[in-house]
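For the single chain, residues carry numbers from 1 onward in sequence order.
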Amino acid sequence: MSSNPVAETVASLMPRAREELTELVAFRSVADFDQFPRSESEGAARWVADALAAEGFQDVALLDTPDGTQSVYGCLPGPEGAKTVLLYAHYDVQPPLDEAGWTTPPFELTERDGRWYGRGAADCKGGVIMHLLALRALKANGGVPVHVKVIAEGSEEQGTGGLERYAEEHPGLLEADTIVIGDAGNFRVGLPTVTSTLRGMTLVRVRIDTLAGNLHSGQFGGAAPDALAALIRVLDSLRAEDGSTTVDGLTADSDWEGLQYDEGRFRQDAKVLDGVGLIGSGTVAERIWARPAVTVIGIDCPPVVGATPSVQASARALISLRVPPGVDAAEATKLLQAHLEAHTPWGARVSTEQIGQGQAFRADTTSPAYQAMADAMAVAYPGQEMQYAGQGGSIPLCNTLAALYPRAEILLIGLSEPEAQIHAVNESVSPEELERLSVAEALFLRNYAAS
């Protein structure tokens with residue numbers, strides 16, 4: 001990174017950043033209070049609130065959102081007449097999954113092979129640290145030239161919509177000229193990237209019932225309708241022979257014109273086993289950024305260990321459907337539910353329930369904020385030009401903010417590049433990326449103030 005005062009300040013702050021990320025990662029802040037203590041999330045929220053207060057933020061508050069979680073808010077006043085920028089991150093994390101699969105404990109930040117490992121290190125506790133680093137660097141080099149609002153969400157990973165509803169009920173709270181969402185990531189380590197599109201999502205729970213109770217498979221199997229077998233047929237109907245998502249009535253052939261994703265690199269990033277083919281059709285970028293994708297993320301059925309020879313009376317599944325920009329998530333939910341009902345065999349009883357939803361997002365990349373970010377990234381990443389990519393994941397708050405503040409410019413950056421392996425075991429963050437993106441964000445705020 002070329003020498004400049006902001007970059008030098010960020011570099012000097014990196015040991016402190018590691019200590020703070022260690023403290024923040026230690027909170028088991030999974031916003032599923034049936035599995036993880038509420039006190040862990042509340043502790044993480046207080047940590048963020050204390051960090052904002054220590055940086056001179058005013059009106060620091062723990063916001064009790066309608067889904068029973070807390071978001072952290074604070075405002076740092078800038079010069080009179082300055083623009084306002086909202087910085088977003090979330091402190092809640094995904095469950096660690098199989099803790100035995102982690103090389104080091106998931107809630108202990110550990111350095112290995114030049115990366116920092118721990119749940120939330122990249123997604124998105126590292127984003128909280130990135131914002132703090134950028135602001136500290138500006139304060140040490142002439143001051144923060146804009147009004148800054150920070151919002152750290154407490155339930156983004158659960159998709160329960162608490163902050164979206166809170167923002168709708170308090171429409172002035174998060175109003176800003178530009179919004180920086182620190183929950184995306186570079187296309188690859190060292191390649192500066194803004195995310196210009198996000199797929200939306202819907203979560204639907206489906207239940208199939210066929211019998212009053214389980215039956216002995218020897219006495220009744222062959223004639224008695226098996227609910228688990230019916231569910232398997234329903235789930236299989238959601239994919240074509242090549243693995244493409246096929247929900248009746250849902251468009252699945254959109255194109256992607258931006259940065260392309262080499263298939264070989266994708267196989268490496270996704271750790272696809274040798275000899276196993278990719279699914280779907282079209283380019284990889286089209287499949288993961290521009291087209292719908294269904295995933296069965298959970299099934300309620302007897303485990304193999306302890307199973308009895310029974311015909312199952314009931315079975316359930318939880319289905320995630322990612323929907324591309326241009327597709328209304330509510331309409332996609334209706335189509336998915338209708339598809340599940342239409343493809344249930346043998347007259348089995350079927351019920352569906354939507355339990356989460358978020359709209360897709362498309363940014364206006366022609367806005368002045370994007371030029372300010374491009375100039376900033378050119379300094380933070382010498383010799384690299386800022387790229388535009390999509391993201392297959394969903395950040396429902398983006399559309400809420402876009403609807404509330406239609407004139408606001410929204411940029412998505414962050415630490416979740418492919419090697420970070422977010423949501424998987426052994427999640428990690430590149431400290432070099434944390435440093436460079438913090439520099440980029442600081443320079444962006446300075447550039448944007450002058451634009």
Side-chain angles (χ1 to χ4, degrees), residues 67 88 90 92 94 123-124 153 155-168 179 181-185 194-206 238-239 244-258 261 280 282 284-297 318-340 352-365 388-406 408 410-414 416 422-423:
D67 62 354
Y88 167 90
H90 63 85
D92 70 302
Q94 284 283 339
D123 184 26
C124 179
E153 188 174 3
S155 58
E156 191 274 341
E157 298 292 7
Q158 297 299 311
T160 45
L163 182 55
E164 292 98 279
R165 282 176 280 164
Y166 191 95
E168 290 166 349
I179 299 165
I181 305 289
D183 191 26
V194 290
T195 298
S196 58
T197 67
L198 297 168
R199 287 192 296 198
M201 58 82 69
T202 185
L203 284 174
V204 171
R205 183 184 291 131
V206 57
L238 294 169
R239 293 190 184 278
S244 300
T245 293
T246 54
V247 175
D248 295 343
L250 187 62
T251 301
D253 58 357
S254 300
D255 298 327
W256 174 262
E257 300 296 336
Y261 204 150
V284 170
E286 286 167 345
R287 284 179 257 181
I288 64 174
W289 298 335
R291 297 181 180 179
V294 69
T295 306
V296 180
I297 62 175
L318 184 60
I319 300 168
S320 165
L321 177 64
R322 303 285 179 170
V323 295
V327 176
D328 178 66
E331 180 62 24
T333 300
K334 294 177 183 177
L335 291 174
L336 176 59
Q337 290 176 307
H339 179 106
L340 295 171
T352 62
E353 177 188 7
Q354 179 192 344
I355 62 171
Q357 179 181 286
Q359 295 289 354
F361 171 78
R362 188 188 303 276
D364 176 11
T365 59
Y388 299 92
Q391 182 172 299
S394 306
I395 305 176
L397 182 66
C398 281
N399 279 87
T400 300
L401 296 177
L404 287 173
Y405 319 121
I410 300 178
L411 300 96
L412 293 99
I413 62 172
S416 298
I422 64 170
H423 294 200

Decide yes or no for [X] and [Y]: does some side-chain heavy atom of the first lie under 4.5 Å from some side-chain heavy atom of the second?
| X | Y | answer |
| --- | --- | --- |
| P292 | V327 | no |
| L404 | E164 | no |
| E286 | D255 | yes |
| E168 | T400 | yes |
| Q391 | L412 | no |
| V206 | L318 | no |
| V204 | I355 | no |

When you compare the side chains of [X] and [Y], does any donor N or O come within less than 3.5 Å of an acceptor on the partner?
| X | Y | answer |
| --- | --- | --- |
| H90 | E153 | no |
| D328 | Q359 | yes |
| Q357 | T333 | yes |
| Q337 | T352 | yes |

Might you work through the side-chain contact (heavy atoms from CB on, under 4.5 Å) test for V294 and R239, ending with a clear yes or no? CA-CA 8 Å; V294 69; R239 293 190 184 278; 4.0 Å; yes
Which value, rounded to the nearest 0.5 Å, describes the distance between [X] atom [atom1] and [Y] atom [atom2]?
| X | Y | atom1 | atom2 | value |
| --- | --- | --- | --- | --- |
| L336 | L238 | CG | CG | 6.5 Å |
| I319 | T295 | CD1 | OG1 | 10.0 Å |
| D67 | Y166 | CG | OH | 12.5 Å |
| I410 | N399 | CD1 | CG | 8.0 Å |
| Y88 | I179 | OH | CD1 | 11.5 Å |
| I181 | C398 | CD1 | SG | 4.5 Å |

Might you point out which heavy atoms bring [X] and [Y] nearest each other, and give the distance in Å?
| X | Y | result |
| --- | --- | --- |
| S320 | R322 | OG-NE, 4.0 Å |
| A332 | L250 | CB-CD1, 4.3 Å |
| S254 | A290 | CB-O, 3.2 Å |
| S155 | G162 | OG-N, 4.4 Å |
| T197 | W289 | OG1-O, 4.5 Å |
| S244 | G280 | OG-CA, 3.3 Å |

Using modelled atom types and a 3.5 Å cut-off, is there a donor and acceptor pairing between side-chain atoms of D92 and backbone atoms of E156? yes
When you measure from the side chain of R165 to the backbone N and O of G161, does any donor-acceptor pair fall under 3.5 Å?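 Yes: the side chain of R165 pairs with the backbone of G161.
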side-chain contact (heavy atoms from CB on, under 4.5 Å) assessment of L321 paired with T245: CA-CA 9 Å; L321 177 64; T245 293; 4.2 Å; yes
Among pairs that include at least one residue of residues 194-205, which meet salt bridge (Lys or Arg N to Asp or Glu O under 4.0 Å), considering only residues two or more places apart or in two chains?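 Passing the test, one end in residues 194-205: R205-E353.
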Return the set of residues passing ring pair (Phe, Tyr, Trp, His ring centres under 6.0 Å) with Y261 (not counting sequence neighbours), or none when no residue passes.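 F187, F266.
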Any residue meeting salt bridge (Lys or Arg N to Asp or Glu O under 4.0 Å) with E157, in chain and number order, not counting sequence neighbours: none
